[in-house]
Amino acid sequence: MEQKITGEIKISPPLLNITQKIKNVSDFKERIGEFLEKSVTELSEVILGGGIHLEASDIHIEPREEQAKIRIRIDGLLQDVINFDLKIYEGLLNRIKLLSGLKLNITDRPQDGRFSILINEVAIEIRTSTLPAEYGETIVLRLLNPKALIELEVLGLREDLLEIFEKEIKKPNGMIIVTGPTGSGKTTTLYAFLRKVQKPEIKIITIEDPIEYHLKGISQTQVDPKKGYDFASGLKSIMRQDPDVILVGEIRDLETASIALQSALTGHLVFTTLHTNDAAGTVARLQALGEKPVNIAPAINMAIAQRLIRKVCKKCAEFRKISPEDLKKLKKELSEGPAFGGRVAGGLASLKVKIPKLSPELKIPKIKGCQNCNYTGYRGRIGIFEAFLVDDEMEKFISTSPSIASLREKAIKKGMVTMYQDGLIKVLDGVTTIEEVERVTGE
């Protein structure tokens, strides 16, 4: 008998037992294959449970001319799982639409919805997006696992950067901006900030699009443009709620930028995100929205840029002698210093990371690939960061409306370690590979 659809489903114990034994994409393909001829309810639960267990961030279901395909995104990269019959795809599409509160008869325009799935009493929210394509509607399921919410200490910050972040988020006012492309971990960083500053005596309000994770003890609000409730109008309302800390999901327009900057100048601590390539691009992006440097400079406390890089698989990674070409790259970016370990070129005087002697005998990680990492050589991700503080000198410099290149140069002179350098430090720590750092940073 078909279970009642309520927008929240609970995976049955037998199916949960099956999905928890999925160790890699190959296992996932086998399990889905076993359920293709069974009920669409069971099939959907195996797909969702398996994706969650493999720690996928997204599940893609895509109709093609003769078959449909399932792909999952693990550690930022898509991997093919299985091809299956279009009749089964139709049933799966309808099931997901019903769960997500989407209209079954609308197939010619995009729809967005959500539902949640209970696994071991933990509610995991699934965000659904459908899009009309050549052979049917493509479905993307974003898996918002609360397990992804981590503490500030495990984001992958160097010791010196962690100290700076902890100091800056304790300030009573000003703005901290986290920048980077979609999927670079900005939300995770902002939530880590909120969890660090949260205490009974301060009021925290967020405005997001959409609310990705629910935090206890925090007032969270979601924009609804159809009802005229956008970031700018929401932020105006939030200001009347007497907040101490405000999280603005993203600054997209001049009005939001102006209110957020004004909030930072009038006794509030504001956390927000921007889409820019690096930390130095923050000011130029705000200017491009129409804001003046004279308003930007005094409001910002810190600008951060970040990316997520894959970590080498601990079960199969090998350490090999560095190649002359890679050694040259490291020497160019990480200057050799005193006998106790070098310092990063132009980097922070307080840098706590010790750079080992950069010699031809140095060993760095090389990927191999095994069942544990789906034969990619990588398992899990970690952040690489760059950040600069806005002190009196930097405030005066920003007020002159400098170019991105000039601001970047100034930040490096004042101690900023670039994302590329931060990534190379993680290579020396045995966390990742030079190839992965270059793939993500484009250096």
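One is the number of the first residue; the rest follow in order along the sequence. All values derive from a computational prediction rather than experimental measurement.
Side-chain contact check for Arg439 versus Leu77: some heavy-atom pair is nearer than 4.5 Å. Between Ile202 and Leu269, every side-chain heavy-atom pair lies at or beyond the 4.5 Å cut-off. A heavy-atom distance below 4.5 Å is found between the side chains of Phe115 and Ser100.
Side-chain atoms of Arg195 come within 3.5 Å of backbone N or O of Leu149 as a donor-acceptor pair. A donor-acceptor pair is defined here as one N or O able to donate and one able to accept, closer than 3.5 Å; no such pair exists between the side chain of Gln306 and the backbone of Gly383. Using modelled atom types, no side-chain atom of Lys97 and backbone atom of Gln111 make a donor-acceptor pair closer than 3.5 Å.
At least one cation-pi condition fails for Lys227 and Tyr229: the charged atom is not both under 6.0 angstrom from the six-membered ring centre and inside a 45 degree cone around its axis.
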Gln287 vs Ser401, side-chain hydrogen bond (donor to acceptor under 3.5 Å, both in side chains): CA-CA, chis, key distance, verdict
CA-CA 9 Å; Gln287 282 184 264; Ser401 193; 2.9 Å; yes

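For the side chain to side chain contact (heavy atoms under 4.5 Å, CB included) with Ile309, the lone residue among Asp75, Val440, Thr441 that qualifies is Val440. Screening Ile176, Asn301, Leu194, Val245 against Ile169 for a side chain to side chain contact (heavy atoms under 4.5 Å, CB included) leaves a single residue, Ile176. A side chain to side chain contact (heavy atoms under 4.5 Å, CB included) with Leu102 is found for exactly one of Ile139, Thr130, Ile96, namely Thr130. Applying the side chain to side chain contact (heavy atoms under 4.5 Å, CB included) test between Gln220 and each of Leu247, Leu215, Ile205, Ile207 identifies Leu215 as the sole match.
A salt bridge is defined here as a Lys NZ or Arg NE, NH1 or NH2 lying under 4.0 Å from an Asp or Glu carboxylate O, and Lys203 with Asp242 fails to meet this definition. Electrostatic pairing of Arg127 and Glu212 counts as a salt bridge here, judged by a charged N lying under 4.0 Å from a carboxylate O. Under a 4.0 Å N-O distance rule, the pair Glu153/Lys196 qualifies as a salt bridge.
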